[in-house]
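Taking it in order: structure first as structure tokens, then the write-up.
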Protein chains: 2
Amino acid sequence: MDLTERKKKILRAIIENYIQTAEPVGSKVIAATPGLNVSSATIRNEMADLEALGLLEQPHTSAGRIPSPGGYRVYVNELMEDYRLSVQETRKLNEALHLKMRELDQVIDQAGRVISQLTQYPAFALAAGTSRVTIQRFDLLMVSSDSFIIVVMTDTNVVRNRLVRLPSDLSEAQLQLLNTLLNTTFTGLTLDEITPELMRVASHAAGEAYGLISLVVSFAMDVLESLEQRTVHTAGIASLLSHPEYRSLDRAAPLMSYLSEEEDAGRFPVPQGDPMEILIGPENVADALKDTSVVVASYDIGDGMRGVIGVVGPTRMDYAKITARLSYFAAGLSRLFEQGGLPPGDDREK
Amino acid sequence: MDLTERKKKILRAIIENYIQTAEPVGSKVIAATPGLNVSSATIRNEMADLEALGLLEQPHTSAGRIPSPGGYRVYVNELMEDYRLSVQETRKLNEALHLKMRELDQVIDQAGRVISQLTQYPAFALAAGTSRVTIQRFDLLMVSSDSFIIVVMTDTNVVRNRLVRLPSDLSEAQLQLLNTLLNTTFTGLTLDEITPELMRVASHAAGEAYGLISLVVSFAMDVLESLEQRTVHTAGIASLLSHPEYRSLDRAAPLMSYLSEEEDAGRFPVPQGDPMEILIGPENVADALKDTSVVVASYDIGDGMRGVIGVVGPTRMDYAKITARLSYFAAGLSRLFEQGGLPPGDDREK
DNA sequence: TTTTAGCACTCATTCTCCCTGAGTGCTAAT
DNA sequence: ATTAGCACTCAGGGAGAATGAGTGCTAAAA
């Protein structure tokens, strides 16, 4: 967008003022900004120009101006100065990165909660883009004569287990046999490749323990399925209410229900290319987000997966602050996953 | 509460009317209830009596009456008729019991979501009262020359695992030794009983692999810790907004933030004795719940643990319907846990 | 040519006042 | 003991009127 220096200054002043106050800003307050030594009348002329360019809007004739989505776009792309995180903020963010967790799903969930708390906006979190997973190895551990543990490990180094109790006894030798059979037949296969026919053949080969094959394999299939299925976590929905644009229920209710809909990934934007993306108002695809802004960042999980965290808020959002915090946090998460996977209790490690 | 038959009839009619309409009910509508062949004037006299007894309230002189918390109490204890679940409802509830899940924590979370959806009120879910857990058995599974899987099983039959990658190589024999050492030294101990001193002694005994002892044991300790720590899950907060009493943000906002506070168990009531409890308005301990009602039910998880699910709503709540649904669902969960623990993918089984 | 002071005009917001109607309590009659 | 009737109360809603922030335009100044 080609604007004179002064217009840029004025636009920035208006937007930053509006971000703070949530009130339409008039020519008078802008005329008072330091470094801008012109009268309010001049500002009014300039504001009329900016409105003609589609960067400002007027709620009604006798009100000040508010930024249009296009105005925010120009602000975000060209005018916004990098927000410098304070020492305190950095410390807080670092502390928040000491996540206590076990499963990937729970890490993601927690990351969302934390970022919501940190930004005071509702947040969503999900993981995207895993490739096709296969089982790399089976282990069966005898516990007692009538129970054993199944341990499976995928090619993405996720390990899952299950304790099974049997109606009848089983010998160590039988288990051994079963184990070998599983490792020769069912490793390296994706979910689709495990056919009923394959199961039948294997069951036959297992002899006495034929029933156990299907038990173990169906567990393995559940694991594969659970790894491919994506869910979204949302957090901090109530924090919406602290922002003046959501003081009216007509505005708040639909957005809140949209956010708390049962987990269905794909309803939130995911950054393409850049690790951070800002979607302002109508730039959002989902109808419910058409007059909100979404700031979303991604981080590297490893194994071809990316984590996504984002916050949702009014278009009047402190983009500088939010992007600074979000990108810092996402970078921290990337680092966390890179150096040794998840914290203690986890079931995967780099 | 000793009331004449007619007073009971009137009180019930008022409460049930108010539950439906959320509007103060006048003498006229009550006079119209079938089976109550008296004039509105008589009703007015009776209503005045009921108000004197503290069972009804009048928002202002020229309005109808609304039930007081005490009135609801009498209703719930003596007047309410059992709500008969329709076939459709039963089917819906049964369907909802086909939970897809893996970890106990996730089951609990999901139960909360489901019950919120089923009742249209915000719900909370938690697990209460575990005994002290110990590790019953360790297994170390060699994966490659520089990595292995730790599998631990607790006395409550929870199995957890972790994949470890080492900076240096390790032989099968060393791992075997380590395994034996762990099983002789660290089984049957609660979290407190695993002292640094014990760790030191064991590390010494491990010889070359001394560093691995602390690695495995600290994983075990994390598992124990995670099993003892209780968290609350809340769901369906946005559904509050669909009820007329929360159409004003002043009422909705504080309750919503209370509900979405970071998980801190103990902030929600847990049924004592009876498997179901109803707390009406000021009967709640928490300030934020003083003018809401909470209906809470518990179900048996096994291993000395009880699951708790509850819903939160206005004191004007359809107690009959809610309690019917909640107790049916809780009973279903009990059954589910009893017969074979969690569905596929889970890490524990009866 | 650009900027500014001044002025008339617009319009959301707030308030005040008044009306309406639902619902009550009381009294006198049944 | 019940009921019909009546005077009274009061929340809610709508119509103006007052307020004031902010604008656009014009004519003068730089």
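A quick note: this is a predicted structure, and the numbers were derived from the prediction, not measured. Letters A, B, ... are given to chains in the order of the sequence lines, protein chains preceding strands, and every chain is numbered from 1.
Straight-line distance from the NZ atom of B/Lys7 to the C1' atom of D/dT2: 14 Å, rounded to whole Å. Going from atom CZ of B/Arg6 over to atom C1' of D/dT3 covers 12 Å, rounded to whole Å. The CD atom of B/Glu23 sits 12 Å away from the C1' atom of D/dG12 (whole-angstrom rounding).
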Below 3.5 Å, can you tabulate the donor-acceptor pairs from side chains in residues 285-297 of chain A to any protein atom, sequence neighbours excluded?
residue, atom, partner, partner atom, Å
A/Lys290, NZ, A/Asn284, O, 2.7
A/Thr292, OG1, A/Leu289, O, 3.0
A/Ser293, OG, A/Tyr319, OH, 2.7

Taking only distance into account, with no hydrogens and no angle test, what donor-acceptor pairs under 3.5 Å do side-chain atoms of residues 269-278 of chain B form with protein atoms, sequence neighbours excluded?
residue, atom, partner, partner atom, Å
B/Gln272, NE2, B/Val270, O, 3.4
B/Glu277, OE1, B/Gln272, N, 3.2

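In this structure, of C/dT4, D/dA11, D/dT3, it is C/dT4 that holds the atom nearest to the side chain of A/Ser39.
Taking A/Lys7 as the reference, A/Leu3, A/Thr4, A/Glu46, A/Asp49, A/Leu50 meet the side chain to side chain contact (heavy atoms under 4.5 Å, CB included) condition, with sequence neighbours excluded. The salt bridge (Lys or Arg N to Asp or Glu O under 4.0 Å) test applied to A/Glu23 returns no partner, not counting sequence neighbours.
Put simply, the side chain of B/Arg65 never gets that close to the backbone of B/Glu51: no donor and acceptor are under 3.5 Å apart. In this structure, B/Arg44 contributes its side chain and B/Ser27 its backbone to no donor-acceptor pair below 3.5 Å. Judged by distance alone, with hydrogens and angles left aside, the side-chain atoms of B/Thr90 form a donor-acceptor pair with the main-chain N or O of B/Ser86 at under 3.5 Å.
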If the sugar-phosphate is the primed atoms plus P, OP1 and OP2 and the base is the rest, what is the B/S/- string for nucleotides 15-30 of chain C, using protein heavy atoms under 4.0 Å? -------BSBB-----
Give every pair of a protein N or O atom and an N or O atom of nucleotides 13-15 of chain D that lie under 3.5 Å apart, one pair per line with the distance.
none

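For the atom pair CZ (A/Arg247) and CG (A/Leu241), the distance works out to 10.0 Å, reported to the nearest 0.5 Å.
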